[in-house]
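Beneath this line is the structure, given in structure tokens, with notes to follow.
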There are 2 protein chains.
Amino acid sequence: MEMLRDYFREFGEISDANMDFLLGHIVQRKIPKGEVLIRPHQRVNSIYFIETGFLHYYSYNDFGERITLKVVSPNYCWTILDSFVNEIPTPDQCVALSEVRYCELRRTGYSAIKAQNKELSNFIQTITEKLLSAKVIEANRKSSMSIEQRYLDLLQTHPDMVREVPVQIIASFIGTSRETLHRIRRKLAAA
Amino acid sequence: MEMLRDYFREFGEISDANMDFLLGHIVQRKIPKGEVLIRPHQRVNSIYFIETGFLHYYSYNDFGERITLKVVSPNYCWTILDSFVNEIPTPDQCVALSEVRYCELRRTGYSAIKAQNKELSNFIQTITEKLLSAKVIEANRKSSMSIEQRYLDLLQTHPDMVREVPVQIIASFIGTSRETLHRIRRKLAAA
DNA sequence: AAAAAACTGTGTCAATTGACACACTAACAA
DNA sequence: TTGTTAGTGTGTCAATTGACACAGTTTTTT
């Protein structure tokens with residue numbers, strides 16, 4: 001749970017009592033490789049924080065192609081917010097690409113934390129605001145980078161992911177085919 | 001200001017007094033076509049709500065190409081959150097593509113609203129959460145659509161934008177060149 | 001009213017990409 | 001251990017794309 005505590009600390013200071021209250025609503029779990037965390041048409045009732053391993057979050061487009069929406073890596077907080085907040089089913093799915101250790105905060109816990117006191121509700125507001133900001137920056141960066149740049153960026157920021165996750169999935173994640181990603185790799189290896 | 005009032009109502013109910021308090025911190029403005037709303041390396045101190053007209057929000061990538069990050073259309077709330085929240089300069093810029101009428105909420109007003117009472121701070125939390133959710137959905141949709149699908153989607157959801165905004169900018173927004181967008185248009189016209 | 005600037009439409013050509021095919025290797029289950 | 005499945009690397013070819021060039025139109029400025 002120390003990893004999650006540090007993750008929270010990055011967003012600001014809160015009292016020890018509040019931090020304990022917060023962490024008190026969270027449980028640690030572990031799932032094996034290949035296990036489905038979210039199946040299609042299911043409602044997502046938790047927020048997840050990944051400690052080790054990788055999750056594959058994907059959906060299918062109108063042509064039936066599988067689209068990787070995110071490869072969730074350690075030290076990252078993830079959920080399908082639309083499903084979580086509005087309590088509606090999601091068409092997407094999420095599978096463990098390796099054994100995954102994670103922390104889970106259920107909806108009831110999330111509500112309790114927000115309602116507990118002012119410091120905690122402000123803390124949640126701060127986190128939500130920062131996540132929104134980060135998401136916008138990420139989307140903008142993605143827009144302005146070529147496929148090759150996105151791959152180089154992944155190599156720098158998540159070398160472990162590039163090593164452990166199948167090329168097909170990495171390729172789909174950065175928005176291209178596995179063959180094109182091979183060409184990029186070959187080119188980079190030659191240089 | 002009625003348009004903004006309706007926009008807020010979509011996010012939930014608040015008391016008349018709180019709605020008045022909220023709107024009391026907002027001023028209406030108008031800028032002519034071509035006017036720069038945000039210049040590069042400036043700090044963004046407001047949240048904007050567009051009533052009429054279009055804004056062009058863009059940056060430059062490593063190759064010096066201008067990348068359209070967003071064409072902001074009416075009934076939309078926009079800012080550069082990273083700059084607004086963290087009070088840091090933004091490298092991006094924003095220009096009016098036509099005469100634009102908008103509402104402006106400055107940082108001081110935003111803070112005052114969040115601090116006023118529980119209903120308002122919860123209201124802001126709800127809005128932030130929904131915007132985050134919407135942003136994630138938008139990014140995921142974009143990932144799973146082809147250029148042509150994105151154009152068809154724009155035609156459906158923002159026909160006015162497609163009519164009034166230069167093709168170059170629309171093309172850049174959906175992630176292609178103006179020539180390719182022409183080809184798509186020609187193909188669609190033929191069908 | 002004339003000149004300049006911005007925007008649009010289109011053709012050509014080289015470069016990039018995706019789709020397919022196939023051989024090879026690694027991981028996993030019976 | 002062996003068969004099966006999943007994943008990787010590479011070559012070919014057709015289709016798509018971006019870059020460039022240029023003519024025509026609209027908008028803005030002087």
Side-chain angles (χ1 to χ4, degrees), chain A residues 31-36 53-54 56 58 60-68 71 93 95-100 143-152 154-155 160-191, chain B residues 31-36 53-54 56 58 60-68 71 95-100 143-152 154-155 161-191:
Chain A
I31 52 174
K33 175 171 178 172
E35 181 140 324
V36 178
F54 295 93
H56 188 202
Y58 60 93
Y60 289 88
N61 69 11
D62 298 347
F63 305 120
E65 300 160 330
R66 188 185 67 190
I67 305 294
T68 297
V71 177
Q93 43 197 311
V95 176
L97 288 170
S98 58
E99 182 183 272
V100 173
S143 295
S144 63
M145 285 197 289
S146 66
I147 303 292
E148 183 172 331
Q149 283 181 311
R150 288 181 208 168
Y151 178 66
L152 287 169
L154 251 201
L155 264 185
D160 41 335
M161 186 199 297
V162 177
R163 242 182 292 111
E164 293 177 38
V165 173
V167 189
Q168 323 202 30
I169 293 174
I170 301 282
S172 168
F173 180 45
I174 63 179
T176 190
S177 66
R178 65 186 194 85
E179 291 94 334
T180 297
L181 181 50
H182 274 300
R183 288 174 188 134
I184 291 172
R185 286 181 143 181
R186 213 186 310 170
K187 202 185 85 182
L188 292 175
Chain B
I31 53 174
K33 176 171 179 174
E35 182 139 324
V36 178
F54 296 94
H56 188 202
Y58 60 94
Y60 288 88
N61 69 10
D62 298 347
F63 305 120
E65 300 160 331
R66 188 185 67 189
I67 305 293
T68 297
V71 177
V95 176
L97 288 170
S98 58
E99 181 183 272
V100 173
S143 294
S144 63
M145 286 196 289
S146 66
I147 303 292
E148 182 172 331
Q149 283 181 311
R150 288 181 207 167
Y151 178 66
L152 287 169
L154 252 202
L155 264 185
M161 186 199 297
V162 177
R163 240 181 294 112
E164 292 177 38
V165 173
V167 189
Q168 325 202 32
I169 293 175
I170 300 283
S172 169
F173 180 46
I174 63 179
T176 191
S177 66
R178 65 188 194 87
E179 290 94 335
T180 297
L181 181 50
H182 274 298
R183 288 175 188 133
I184 290 171
R185 286 181 144 182
R186 214 187 308 173
K187 201 185 87 182
L188 293 175

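Proteins come first, then strands; the chains are lettered A, B, ... in the order of their sequence lines, and each starts at number 1. Predicted model, so just to flag it, every value in this text is computed and none were measured.
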Looking only at side-chain N and O atoms, does [X] come under 4.0 Å of OP1 or OP2 in [N]?
X: A:Arg186; N: D:dT8; result: no
X: B:Thr176; N: D:dG18; result: yes
X: B:Ser177; N: D:dT17; result: no

Round to the nearest Å and state the distance from [X] atom [atom1] to [N] atom [atom2].
X: B:Ile147; N: D:dT16; atom1: CD1; atom2: C1'; value: 11 Å
X: A:Ile184; N: C:dA15; atom1: CD1; atom2: P; value: 18 Å
X: B:Glu179; N: C:dG9; atom1: CD; atom2: P; value: 12 Å
X: A:Arg178; N: D:dG7; atom1: CZ; atom2: C1'; value: 8 Å
X: B:Leu181; N: C:dT10; atom1: CG; atom2: P; value: 12 Å
X: B:Ile170; N: C:dC7; atom1: CD1; atom2: C1'; value: 13 Å
X: B:Glu164; N: C:dC7; atom1: CD; atom2: C1'; value: 16 Å
X: A:His182; N: C:dC24; atom1: NE2; atom2: C1'; value: 12 Å

B:Arg185 vs A:Lys33, nearer the 5' end of DNA chain C by closest nucleotide: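 Here B:Arg185 is the residue nearer the 5' end.
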Cation over ring face, B:Arg66 and B:Tyr58, 6.0 Å, 45°: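 Relative to the ring axis of B:Tyr58, which defines the angle, B:Arg66 lies inside both limits.
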Heavy-atom pair with the smallest gap, counting every atom of A:Ser172 and A:Thr68: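 That closest heavy-atom pairing would be OG-N, 2.9 Å.
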Where B:Val167 and B:His182 come nearest, the two heavy atoms and their spacing: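 Shortest heavy-atom separation between B:Val167 and B:His182 comes out as CG1-NE2, 4.5 Å.
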Side chain of A:Arg183 (C-beta onward), nearest among C:dC7, D:dG18, C:dT17: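 Between C:dC7, D:dG18, C:dT17, the one nearest the side chain of A:Arg183 would be C:dT17.
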Nearest-0.5 Å distance, CD of residue B:Glu148 to CG of residue B:Leu181: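 One finds 10.5 Å between CD of B:Glu148 and CG of B:Leu181.
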